Structures are given as structure tokens and as C-alpha cells.
Amino acid sequence: MSVIVRFAPSPTGVLHIGSVRTALFNWLYARHCSGKFLLRIEDTDKLRSTEENAKAILRILKWLQLDWDGEPVIQSTRIERHKEVANKLVEQGKAYFCNCSPEELALKKEAAIKEGKSYKYDGKCRNNTTHYIEGKSVIRLKTDESGETVLDDLVQGRVVTENSQLDDLVLLRSDGTPTFMLSVVVDDHDMGVTHVIRGDDHLTNTFRHIQIYRSCGWDVPRFGHIPLIYGPDGTKLSKRHGAASAQDYIDLGYLQEAIFNYLLRLGWSHGDDEIISREDAVKWFDICDVGKSPARFDMVKLQNLNAHYMKARNNESLLASIKPFLNTELSEMQTNRILLGLDGLKSRAKTLVDLVKSALIYVEAPEAYDEVCAKYLMPENVELLKDMIKIIQSEESIQQDILLERAKALANSRDVKLVEIAQALRSALCGYLVSPSVFEIIEILGKDESIQRIRRFIDLDM
RNA sequence: GUCUCCUUCGUCUAGGGGUCUAGGACACCGCCCUUUCACGGCGGCAACACGGGUUCAAAUCCCGUAGGAGAUGCCA
């Protein structure tokens with residue numbers, strides 16, 4: 001039997017980073033098994049679903065290179081089919097019309113809570129031969145009242161629930177629309193899904209889903225409930241923790257391969273391997289190896305991985321990734337300077353945002369200077385800078401090694417440390433005191449631009 | 001409240017009865033490299049939630065306890 005999995009996000013909001021991991025695990029499992037990875041957009045909540053959200057989901061999956069098979073299934077187009085299944089269950093006596101009003105049920109629930117009892121629908125309409133009332137009736141499933149339902153979960157292991165815990169869930173709402181419980185089961189069945197890999201928050205729902213499968217007489221797929229991702233405080237990762245959506249991480253300047261690797265290692269591992277390529281991930285991944293315990297999201301570790309993957313990228317592709325973060329178009333000269341400077345820049349950055357900030361030295365002269373730079377405007381430092389201007393002017397080649405040697409000689413003759421000259425130059429060239437090698441920067445900027453920046457700095461009144 | 005699940009360094013994890021004086025990675029600390037800061041190299045700190053069993057032997061199996069999380073919708 002070939003494996004068919006699916007990712008079924010609802011476009012009611014932005015794509016959560018936890019959902020991305022669910023998508024990733026589904027994709028990996030499908031590719032590992034040479035199976036199919038299907039996509040279904042669960043847009044039945046028409047009030048909250050938007051076209052933009054749906055598009056954003058597809059865009060992010062593409063960005064992460066999680067390619068899906070076939071066309072995405074749009075759940076809202078399948079409502080008639082869902083209704084058909086619900087009505088058939090009524091005909092077969094496996095479901096029934098319930099005319100209890102939401103208000104009535106809310107009261108019962110409130111009363112139950114007051115008494116400290118657990119609430120579940122009391123099945124008032126279950127044995128009535130109630131007739132359908134337009135706009136009022138819902139269809140409820142006749143859930144097994146006794147016995148137990150066993151779930152042999154691929155991740156969580158064997159989980160058993162007493163059927164008495166389950167109540168008669170709503171299949172079709174009073175407005176005639178299907179609930180998630182119904183839709184998800186019907187669609188998974190119709191799409192031929194063999195393995196349902198989803199977040200752990202669905203685990204208890206699964207017992208209800210199994211009831212529906214059985215009532216319909218359908219094969220129950222295998223389930224794998226992956227643990228949720230927590231924030232640093234150990235509760236479900238959310239907006240409150242800062243970045244929670246996939247787009248947030250893109251905007252923060254994380255590379256696709258870093259997010260892939262990070263999410264992969266959250267709850268899954270392969271011996272001592274930390275840096276794992278897509279190919280190896282596909283080769284090694286198995287849903288059974290996913291851990292049962294939830295993991296906390298660690299931004300710092302993501303940053304470390306991101307730094308690694310930035311260093312691993314070639315400069316052309318890094319430049320392409322940086323461009324969306326720049327608010328100006330680059331001239332050819334600026335582009336070339338950045339390309340040359342990227343080696344020195346990328347080992348110093350954690351994110352693309354960092355990288356862009358530091359790359360600005362190759363785009364334009366400093367707009368402002370850090371206060372600490374003022375120190376290098378003292379007369380003796382200005383003298384050093386003037387000497388450096390002479391050196392830069394006189395050298396035929398301003399190759400960084402040569403400049404370094406000349407600067408060392410200058411330091412010697414003036415009886416100062418090289419660091420004094422370097423920091424003075426850095427102030428002039430960058431406007432701050434942390435950067436790649438100043439001699440490299442001079443080489444890349446060229447004689448004219450370098451001298452111009454130094455002169456401008458010397459003339460400053462700080 | 002009820003149901004379900006989870007618990008190894010700060011974090012992600014390896015481990016599945018003896019090879020565990022518990023391994024790796026991130027973070028942190030120190031040293032080296034060094035024109036700054038990074039990178040890189042070397043080293044260090046640091047964990048089996050607790051209590052009972054089972055066993056010659058338990059991080060590993062069982063039972064409790066504690067803590068945490070999720071579910072408990074005519075949301076998905």
C-alpha cells in the first residue's frame with residue numbers, strides 16, 4: 001500500500017510555525033516512503049477564511065520547497081459531499097436530528113460545571129424520532145456508548161479512551177454546514193489518505209474521528225500525532241511569545257534551509273547529527289522516530305543554524321536573499337562591492353537582517369557616526385588618518401595585505417598600536433567600530449571612495 | 001472538574017536493563033588565533049523530576065506522587 005499523507009491548513013489566519021513543522025513531517029514522510037503529499041485548504045469557516053491567507057500558505061510551502069502532489073483540494077467545494085454523508089448516516093440510523101438549542105445546551109453545561117461534574121451532551125434527542133427543522137436541527141452522530149476505542153498512534157503509541165467519555169458530536173450545523181469533524185474524515189477518506197500526521201492537539205478528536213469512520217464503514221487510516229511546539233515558557237507557542245508565524249521568521253531574515261533543519265531537529269533526531277541536508281532528511285526520516293514530548297522553541301539555536309547556512313551559501317545566492325530586505329535598488333558598482341564583501345560580512349551575521357545592515361558600508365558612506373568614534377578625531381589620530389590617506393594614494397595596488405603591511409609600519413614609526421589605526425579607519429569608513437577587516441573594506445571600496453570617506457570623517461565636528 | 005499525554009544538562013536531544021564516572025549540539029565560561037567584532041580551533045561548567053518496587057544489575061521495566069501541556073465548541 002503506498003503512503004498518502006496530507007497537510008490540511010485552514011486559511012483563517014497566518015501559517016503558524018508549528019503548522020509548518022506538521023507540513024514538514026508530512027512531506028518528509030511522503031518523500032521517504034515515495035508516497036504522496038497532498039494539500040487541502042480547510043476554508044469552511046467562511047467568516048474567518050481569506051484568499052490572501054490561503055495564498056500565503058502556498059507561498060510559504062513553496063519557499064520551504066515542500067512541494068505537494070496534485071492540485072490542492074479546496075474543502076469548501078466539497079460541502080455537498082459532506083452533507084450527503086451526514087444525511088446517509090441519518091438514513092442508516094447512525095446519526096440523528098437534534099433540536100436542542102445552543103442556549104439550552106449552554107445552560108446545561110453551566111449547571112454541570114457548577115455542580116463540579118464533567119459536561120457532555122446528554123443525548124436528549126438521540127432516541128426521539130425528531131424531524132428536521134430548517135435552521136434549527138443539527139445532525140449528531142450516535143457515538144458508541146460503551147466499550148473503548150483504541151488508537152495505535154505512530155508517535156504516541158497505544159492510547160485508549162472509554163467510549164463513555166465521548167458525546168454525540170455534531171456533524172452538520174443548524175445552518176446546514178458540515179463541522180470540521182465530519183469534513184476532515186470525509187475528505188481524508190475520499191482523498192485516500194493512509195496516514196494522518198497532525199498536531200497533538202487533535203489527539204482527543206481522533207477518537208471522535210474514528211467513530212465517524214466506523215459509522216461510515218470506512219477503513220481507519222494510521223494516525224501520528226506530533227507534539228506541539230512550546231514557547232520558552234512551556235506553553236503553546238503563540239504571538240505572545242514574539243514570532244509565531246512562518247512569515248515572521250522569513251521577515252526576521254531566516255533562510256529556508258535553516259528553518260527546515262531547525263524544525264526537523266525539534267522532536268526528531270538522527271544520532272548526533274545536527275546539520276542535516278534535505279536529502280539525508282528524506283532518507284532518514286520516519287514518523288515513528290518522532291519524540292513524544294513537546295519541545296520549546298529556541299530562537300538562539302535557530303540563529304546558530306541560520307549563521308551556519310549563511311556561511312554555506314555562495315555569495316550570489318545570498319545576495320538574492322538579501323535584496324528583499326534592502327529598500328533601494330543596487331547599482332552595478334554597489335552590487336559588485338557587496339559580492340566582494342560578503343565573505344567578510346557573512347561570518348559576522350546571524351540573520352539576513354544583520355547581514356543587510358552590515359552590507360550598507362558597501363552601499364553608501366556612513367550617514368551617522370557612533371559617539372565612540374569621536375575619539376579618533378583627536379589630533380594624533382587625525383595625523384594617522386592623514387598618513388593613511390597618503391599611503392592609499394601612493395600605493396599602486398591597494399591590495400589588503402599590502403595595506404596591512406604599510407599600516408603596521410606606520411604604527412611602528414609613530415609608536416602606536418595597529419589597533420589605533422584600524423579603529424580610526426573603521427570609524428571613518430563605517431561610522432562604527434565593529435566590522436570586517438578595514439583593509440579589506442578599503443580594497444573593496446577602492447582608492448577614491450575610501451579617501452573620500454576618511455576626509456569627510458576628518459572634517460567632522462563631533 | 002473530567003479525559004489524554006508528557007518529564008535526561010538552561011534549551012534541542014542520544015540512550016530502550018550491564019558498554020553511563022550519561023554522549024552530541026546550541027547557549028554560557030576560559031584559552032588560542034587576531035586590526036575591532038565575528039568565524040575557526042582547543043578546553044570547561046552543566047541533566048536522568050521525586051518516592052517506592054521488580055532485578056545480581058534500572059536513566060532504561062512496573063506502580064504511585066509532583067509538575068507541565070493538550071482536549072473537553074453548532075472553531076479548525
Side-chain angles (χ1 to χ4, degrees), chain A residues 8-13 42-45 47-49 75 98 100-102 105-106 109 112-113 115-121 137-140 151 153 156-157 159-162 164-167 169-175 177-181 183-184 199-207 225 227-228 230 232 234-236 262 265-275 291-305 307 311 343-350 358 404 407-408 411 417-427 430 432-440:
Chain A
S10 65
T12 51
E42 303 207 327
D43 61 340
T44 47
D45 185 345
L47 277 178
R48 295 190 298 148
S49 298
Q75 192 163 57
C98 165
C100 299
S101 70
L105 297 176
K109 183 174 179 179
I113 289 170
E115 283 179 58
K117 286 191 206 155
S118 68
Y119 170 78
K120 72 174 214 185
Y121 174 64
S137 300
V138 301
I139 293 181
R140 284 184 189 270
L151 168 62
D153 196 90
Q156 303 293 335
V159 185
V160 185
T161 285
E162 297 284 327
S164 58
Q165 293 293 328
L166 273 27
D167 61 3
L169 62 279
V170 174
L171 260 17
L172 222 56
R173 300 187 189 97
S174 53
D175 65 359
T177 59
T179 60
F180 158 76
M181 295 288 173
S183 309
V184 76
D200 198 18
D201 47 345
H202 285 297
L203 189 99
T204 48
N205 283 333
T206 302
F207 294 97
H225 287 93
L228 267 19
Y230 289 174
T235 64
K236 217 170 158 180
Y262 180 72
R265 281 285 291 99
L266 209 57
W268 177 88
S269 64
H270 183 268
D272 286 343
D273 294 304
E274 296 288 345
I275 303 294
K292 292 167 132 184
S293 54
R296 295 182 193 213
F297 197 92
D298 183 2
M299 188 81 94
V300 179
K301 187 149 183 174
L302 209 210
Q303 281 177 2
N304 175 273
L305 279 171
K311 278 176 271 175
D343 280 336
L345 260 19
K346 67 187 179 186
S347 67
R348 273 161 254 258
K350 298 278 189 209
S358 66
L404 173 61
K408 276 183 180 166
K417 292 221 163 106
L418 179 60
V419 62
E420 294 299 315
I421 298 174
Q423 291 300 59
L425 284 170
R426 226 179 302 268
S427 299
C430 308
Y432 46 81
L433 294 181
V434 173
S435 80
S437 160
V438 282
F439 306 111
E440 179 185 320

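Treat the numbers as computed from the prediction; the structure is a model and nothing was measured.
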In the 5'-to-3' direction, what one-character label does each nucleotide of nucleotides 68-76 of chain B receive under the scheme B = base within less than 4.0 Å of a protein heavy atom, S = sugar-phosphate only, - = no such atom?
-SBS-SBBB

Do nucleotides 34-42 of chain B as a string where each nucleotide becomes B, S or -: B if the base has a protein heavy atom under 4.0 Å, S if just the sugar-phosphate does, - if no protein is that close.
-BBBBSS--

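Side-chain contact between A/V438 and A/I421 is absent, with no heavy atoms from C-beta onward closer than 4.5 Å. Side chains of A/R348 and A/V434 form no contact here, defined as non-hydrogen atoms less than 4.5 Å apart. Side-chain contact check for A/F297 versus A/L302: some heavy-atom pair is nearer than 4.5 Å. Proximity of A/M181 to A/V170: side-chain heavy atoms (C-beta onward) are nowhere separated by under 4.5 Å. The shortest side-chain heavy-atom distance between A/T161 and A/L151 does not fall under the 4.5 Å cut-off.
One can place CG of A/L302 at 14 Å from P of B/rU13, the figure rounded to the nearest angstrom. One interatomic measurement links the two molecules: CZ of A/F207 to P of B/rC3, which rounds to 14 Å at whole-angstrom precision. Between the CG atom of A/L305 and the P atom of B/rU13 there is a distance of 13 Å, given to the nearest Å. One interatomic measurement links the two molecules: CG of A/D298 to P of B/rA25, which rounds to 16 Å at whole-angstrom precision. Atom OH of A/Y262 is separated from atom C1' of B/rA25 by 12 Å (rounded to the nearest Å).
What you find for A/P294 and A/L228 is that their closest heavy atoms are CB-O, 3.4 Å.
For A/R296, there are no side-chain hydrogen bond (donor to acceptor under 3.5 Å, both in side chains) partners at least two apart in sequence or on another chain. In this structure, A/K350 has no salt bridge (Lys or Arg N to Asp or Glu O under 4.0 Å) partners at least two apart in sequence or on a different chain. In this structure, the side-chain hydrogen bond (donor to acceptor under 3.5 Å, both in side chains) partners of A/D45, at least two apart in sequence or on a different chain, are A/R48. Under the rule for a side-chain hydrogen bond (donor to acceptor under 3.5 Å, both in side chains), A/S358 has no partner lying at least two apart in sequence or in another chain.
Across the P atoms, B/rC20 and B/rG67 are found 35 Å apart, a figure rounded to whole Å. Comparing the same atom, P, in B/rG10 and in B/rC45 gives a spacing of 14 Å after rounding to whole Å. Comparing B/rG40 with B/rC33, their C1' atoms sit 8 Å apart, to the nearest whole Å. Rounded to whole Å, the P atom of B/rG53 lies 32 Å from the corresponding atom of B/rU13. Comparing the P positions of B/rA14 and B/rA25 gives an interatomic distance of 15 Å, to the nearest angstrom. Between B/rU8 and B/rG43, the two C1' atoms lie 24 Å apart (nearest whole Å). Between B/rA46 and B/rC5, the distance separating the two C1' atoms is 29 Å to the nearest Å. To the nearest whole angstrom, the two C1' atoms, one in B/rC26 and one in B/rG73, are 41 Å apart.
Across all strands shown, B/rC3 is found opposite B/rG70 as a Watson-Crick or G-U wobble partner, with both distances under 3.5 Å. Figure legend. B/rA59 is base-paired to no nucleotide; pairs are counted as Watson-Crick or G-U wobble with both atom distances under 3.5 Å. Across the strands present, B/rG30 finds its partner in B/rC42; the criterion is a Watson-Crick or G-U wobble pair with both atom distances under 3.5 angstrom. In a base pair of the Watson-Crick type (N1 to N3 plus N6-O4 or O6-N4) or a G-U wobble (N1-O2 and O6-N3), with each distance short of 3.5 Å, B/rA25 is matched with B/rU11. When both distances must be under 3.5 Å, the Watson-Crick or G-U wobble mate of B/rA49 is B/rU65.
Here A/V160 lies in heavy-atom contact (under 4.0 Å) with sugar-phosphate atoms only.
Remark: A/K292 is in phosphate contact with B/rC6, judged by side-chain N or O atoms under 4.0 Å from OP1 or OP2.
Where A/N304 and A/T161 meet RNA chain B, the nucleotide closest to each residue was compared, and A/T161 sits on the side nearer the 5' end.
Looking at A/K301, its side chain comes within 3.5 Å of the base of B/rA25 through a donor and an acceptor atom.
Judged by distance alone, with hydrogens and angles left aside, the side-chain atoms of A/R426 form a donor-acceptor pair with the main-chain N or O of A/P436 at under 3.5 Å.
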